[in-house]
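Below is one structure, written out as structure tokens, with a few remarks after it.
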There are 2 protein chains.
Amino acid sequence: MARVAKQPTPLPTSDLDARKAAILEAVVAEHIDTAQPVGSTSVAHRDEVHVSSATIRSEMVALERDGYLMQPHTSAGRVPTDKGYRYFVDHLSSGVLGPTQQHEVSDFFTSVRGEMEDILEQTSGLLSNLTSLTSVVVGPSHARASIRTVQLVDLSPRRVLVVAVLSDGSIEKRTLELDTEVSALDVVEASSQLDALLLGTTLEQRLEVPSRDTSIATLVREAVSALHTSTPTADGDQVFIGGSSKVAGSFDQVETVRKVLGILEQGLVVVSLLQDIMNRGLSVAIGSEHGFAPLSSCAVIVAPVLVENESTGAIALLGPTRMNYPEAMAAAEVVSRQLTKRLSSASKDDRG
Amino acid sequence: MARVAKQPTPLPTSDLDARKAAILEAVVAEHIDTAQPVGSTSVAHRDEVHVSSATIRSEMVALERDGYLMQPHTSAGRVPTDKGYRYFVDHLSSGVLGPTQQHEVSDFFTSVRGEMEDILEQTSGLLSNLTSLTSVVVGPSHARASIRTVQLVDLSPRRVLVVAVLSDGSIEKRTLELDTEVSALDVVEASSQLDALLLGTTLEQRLEVPSRDTSIATLVREAVSALHTSTPTADGDQVFIGGSSKVAGSFDQVETVRKVLGILEQGLVVVSLLQDIMNRGLSVAIGSEHGFAPLSSCAVIVAPVLVENESTGAIALLGPTRMNYPEAMAAAEVVSRQLTKRLSSASKDDRG
DNA sequence: GTTGGCACTCATTAGAATCGAGTGCTAACG
DNA sequence: CGTTAGCACTCGATTCTAATGAGTGCCAAC
């Protein structure tokens, strides 16, 4: 009972002796390179271990028995299982970005300009370029940001635009379609009432609006309720997907490509998948680990994007389970750090 | 030597006799259905023509000689060439949407709510659903819209947000990163100066800004220049792409899928392609017609979206050259009309 | 415990035979 | 003269078989 409280059985599934680990590493690395089942001799020719192929073979049957490897069919090489990749990721891989790529990242972050949305979108492209994987960037949520200013703009006698500027620099807008015409003066008056009313609140806060019946009061009420209604599409979150064409380079079954793309099209599904992975404290979800069947041949790498030490956004990489984990994880890690830095410096002294 | 003058002659390439046309139609229709080369007997069994397969064969050699059909190899059926599709589109296809789809469209447009961007994005999804093709929706340009309001919002002592509301309800924002701190009062003052200065102008108009050296004047100057700088990403145009997963369903070569997706990722390329097609007065560009080699196995259907009788936006469908033209063209046509109607009713009485 | 040797497995490849969809040609027919 | 039935022919696709060889598991020897 000392430290042998695993499952019901005390099999030391989480630790392999050094040689098994080395062999597993070799198999995974080789398979990532070649996308082919790898045999005992190819492992012997690498320099992770220096034993004969026969020895490797006998170790491999052990690794297969314990669920780290599998054979597509008798007399084929071995392929890592999800569990095998998991061990590789947890114990073995320690990737650093190549110097070229390091440069690419720092060049990017020193030169990128413009609004947050643009930066996030371009970051997504950067990640995808670095790794040849599809990337997902979820922008920081605006839920916490408070309202700095609200303004009404009359576009036409019956159409009024509500524009709210939040403390994080983002903007929410809603168009009101009115039943009756309003005068420009009423709009101005309602606008300043609104501004006073909402200043400092967040979009999530519900608040009591005096329900008088003047046209100005009606206008104010409608504007408030419109602002508090989230838009039908993205739930306030901004999702940027980069390099979806990379999906087609990752799988050779066109049907798999179609499925994965179909999922990527549903932004909300992707966001909640990432949320789920992060909630479970993972940074990598391999194959069946994320419990999302249509993506069972994919692995997802997630890294949080912190603002004021809270994780509000995320960057993710999506690719086949046989992706280059060290490289991809390193890329995600460094980009996440840089992006966090960028966003923090932008928000560190906001006037809430 | 009587009528044996083929090439440099006034051959009536643009008109086929009725039977040839019927046969061509049958071949195209069948090939759209089956994606296979179609033989003389399958044509004979359809009811476009009622002649024997032998007759059809001899007509087919003529159609092939004239470039409407081609054989992948001897002893295979015929496949339409781009020219064949072109004839089909110009002379033969006359599609109407099925009643179910008509309903889907009108339901959509009666129930869709929200901001322009959301509507455009959802329209893109609708089109893609209707046709099983990838759709591109290019939002109306804001170039013509005049400024209704400009406001400065101080986010932090050194960061000021410029928010411009345009007459079409769209918003442009720029963040200014200042070298020196500015007071909240200065921001307010600059804001009202800006508003007065820019009201009624468009983003394209360059205007003289008095270059005094007060901190307020500097702020105003920077704000104006920021607004006049277009964002690095989309050139003011908004592009919405829907159903990119449909690409994977349209081609069975994964490499083709990758190429097409790669192009779709470059929004600007797509937009200029659509522009080019429309400039040439086409509504359909088939295969090599659009002169864009990477998409030579694709056809593009474009329909303008009019605002105040000017074409400022566009909707497009992209698919394999063997797409269902009648259906796709009908869908593009009706959605374009509905969208135009929607946008016109929204802007018809804007206060410029 | 490690290794070389060896028999065995089985997907993949190559080649040969066959099939058959579809053609082009020709002769007969109305 | 246009249309059609008949027929020989072509050639990709399919099927089958045999050969290949990468890779394994086992065992005996080191």
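If you're wondering where the values come from, they're calculated on a predicted model, not measured in any experiment. As a basis for the values below, the full set of heavy atoms in this structure was taken, side chains included, without hydrogen atoms, waters or symmetry mates. So you know, we letter chains A, B, ... as the sequences are listed, proteins then strands, and number each from 1.
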Out of D:dA5, C:dG22, C:dT3, minimum distance to the side chain of B:Thr41 belongs to C:dG22
Of the candidates C:dG4, C:dG24, C:dT23, the side chain of A:Ser52 sits closest to C:dG4
message = Strictly below 4.0 Å: does B:Arg78 bring a side-chain N or O up to OP1 or OP2 of C:dT23?
response = yes
Euclidean distance, atom [atom1] of residue [X] to atom [atom2] of [N] [Å, nearest integer]:
X	N	atom1	atom2	result
A:Arg57	D:dC26	CZ	C1'	10 Å
A:Ile56	C:dT3	CD1	P	9 Å
A:His31	D:dG23	NE2	P	13 Å
B:Arg19	D:dG2	CZ	P	10 Å
A:Lys20	C:dT2	NZ	C1'	14 Å
A:His73	C:dC8	NE2	C1'	15 Å
B:Glu30	C:dA21	CD	P	15 Å
A:Glu59	D:dC26	CD	P	15 Å

Note: A:Arg86-A:Asp82 ion pair, threshold 4.0 Å (strictly below) | no
| said: Base, sugar-phosphate or nothing for B:Ala54? Non-hydrogen atoms, less than 4.0 Å. | reply: base
Open item on the list: Taking CD in A:Glu255 as the centre, count heavy atoms belonging to other residues, nucleotides or ligands within less than 6.0 Å. Is the count above 12?
Closed with: yes
Walking DNA chain D from its 5' end, the first of B:Thr55 and B:Ser75 to be reached, judged by nearest nucleotide, is B:Thr55
Aromatic ring pairing B:Tyr87/B:Tyr68, orientation class (parallel under 30°, perpendicular over 60°, tilted between):
perpendicular
Does A:Leu69 reach the side chain of A:Val79, with side-chain heavy atoms less than 4.5 Å apart? no
